[in-house]
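These notes concern the structure reproduced below.
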Number of protein chains: 2
Amino acid sequence: MANQFGVRIRQLREQQNLLLRQVAPLLKMDTPMLSKIERGERPVKREQITVLSEVLKADKNELLTLWLADQIYDVVKDEKLANEAMQVAEKTINLKKRNKK
Amino acid sequence: MANQFGVRIRQLREQQNLLLRQVAPLLKMDTPMLSKIERGERPVKREQITVLSEVLKADKNELLTLWLADQIYDVVKDEKLANEAMQVAEKTINLKKRNKK
DNA sequence: CTATATTTGTCAATAGTTGACAACTGGGCA
DNA sequence: TGCCCAGTTGTCAACTATTGACAAATATAG
């Protein structure tokens with residue numbers, strides 16, 4: 001599982017000298033769970049990012065971007081055609097954006 | 001569900017005047033299933049792409065690229081930060097590639 | 001050794017996916 | 001009109017995967 005996200009939130013948590021057991025309850029999970037999330041062993045839900053960014057006083061967009069990048073990476077990580085696929089996907093994204101939808 | 005892949009295989013099938021009921025059994029599925037796949041209503045498994053490219057005499061890499069692009073698109077389609085995330089993911093991909101793994 | 005922080009392993013409950021089938025729609029044509 | 005035929009839609013039980021929760025193990029510091 002890709003994990004720039006987990007690495008980053010661990011970094012943020014440690015910078016603020018917060019313990020897993022302090023942060024976990026705020027996210028309504030237990031300590032082992034948060035540990036696993038930070039190490040990318042368990043997936044993070046999109047909705048949890050908002051709470052995380054508040055608790056860790058982090059920029060939500062930064063975290064969201066990392067989280068999305070992880071999802072994307074998971075899709076293509078073992079693929080020879082990763083770069084080609086990314087290009088095609090990017091084209092599609094920009095096309096849809098232009099069409100207001 | 002993103003569906004450049006489905007659109008393309010439908011196109012290929014129609015170009016060759018093949019019917020759903022002719023192609024579906026070759027892929028070990030029934031007609032409704034293939035119909036749904038072509039319209040993006042059901043996901044396609046990675047392993048099915050090889051068989052599909054053979055049955056439809058298509059370039060496997062082309063189909064694989066479209067399929068991957070669909071997966072990527074599904075991840076970011078409703079995201080404001082889609083482009084940023086794509087950039088980050090691309091960086092990661094190229095980094096890992098450089099590190100031989 | 002003890003206390004505290006984190007990690008690992010396990011598992012039942014739940015949620016999601018799958019393949020299969022029946023039923024329906026729409027078009028063509030006798 | 002009625003009957004095919006190609007494709008579509010809806011449903012559902014069986015299966016698979018994910019989840020949250022907990023106990024136990026490990027690691028680190030005094």
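It should be emphasised that the depicted structure is a prediction, and the values quoted were computed from it without experimental measurement. Below, read A as the first sequence line, B as the second, and so on, with proteins coming before strands; counting in each chain starts at 1.
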> In whole angstrom, what separates L34(B)'s CG from dA6(D)'s P?
Replying inline: 14 Å

> Nearest-Å distance, CD (E41(A)) to P (dT6(C))?
Replying inline: 16 Å

> Starting at CG of L19(A) and ending at P of dT28(D), how long is that distance when rounded to a whole Å?
Replying inline: 15 Å

> With hydrophobic residues grouped by side-chain heavy-atom distances under 4.5 Å, do I49(B) and M33(B) end up in a single group?
Replying inline: yes

> Which atom pair, heavy atoms only, marks the closest approach of A69(A) to A85(B)?
Replying inline: CB-O, 3.7 Å

> Between dG7(D), dT11(D), dT8(C), which nucleotide has the shortest distance from any of its atoms to the side chain of K36(B)?
Replying inline: dT11(D)

> With respect to the side chain of R21(A), which nucleotide from dT19(D), dA5(C), dG20(D) is positioned closest?
Replying inline: dA5(C)

>> dT8(D), OP1 or OP2 - any side-chain N/O from R39(B) closer than 4.0 Å?
In response: yes

> Which whole-number value in Å describes the distance from K28(B) NZ to dC21(C) P?
Replying inline: 16 Å

> How long is the line joining CD1 of I37(A) and C1' of dT7(C), in whole Å?
Replying inline: 14 Å

>> When you measure from the side-chain N and O atoms of R42(B) to the phosphate of dT9(D), is any distance below 4.0 Å, counting only OP1 and OP2?
In response: no

> Rounded to whole angstroms, how far apart are CG on L20(A) and C1' on dA5(C)?
Replying inline: 7 Å

> Could you give the CE-to-C1' distance, from M1(A) to dA17(D), as a whole number of Å?
Replying inline: 12 Å

> Is any side-chain N or O of K45(B) closer than 4.0 Å to OP1 or OP2 of dG19(C)?
Replying inline: yes

>> Testing the basics here: between L64(A) and E79(B), what is the closest heavy-atom pair and its distance to 0.1 Å?
In response: CD2-OE1, 4.1 Å

>> Can a donor-acceptor pair be found, under 3.5 Å and without considering hydrogens, that links the side chain of W67(A) to the backbone of V44(A)?
In response: yes

> Between dT7(C), dT9(D), dC21(C), which nucleotide gets closest to the side-chain atoms of D30(B)?
Replying inline: dC21(C)

>> Rounding to an integer number of Å, can you tell me how far M33(A) CE sits from dA23(D) P?
In response: 14 Å

> Do the side-chain N or O atoms of S35(B) get closer than 4.0 angstrom to the phosphate oxygens (OP1, OP2) of dT8(D)?
Replying inline: yes

>> Go through it in stages, so that I can follow the logic: the residues are E41(B) and R39(B), the test is salt bridge (charged side-chain N to carboxylate O under 4.0 Å, His left out), and I'd like the CA-CA distance, side-chain angles, deciding distance and then a yes or no.
In response: CA-CA 5 Å; E41(B) 204 189 298; R39(B) 286 170 305 102; 3.2 Å; yes

> OP1 or OP2 of dT6(C) sitting under 4.0 Å from any side-chain N/O of R13(A)?
Replying inline: yes

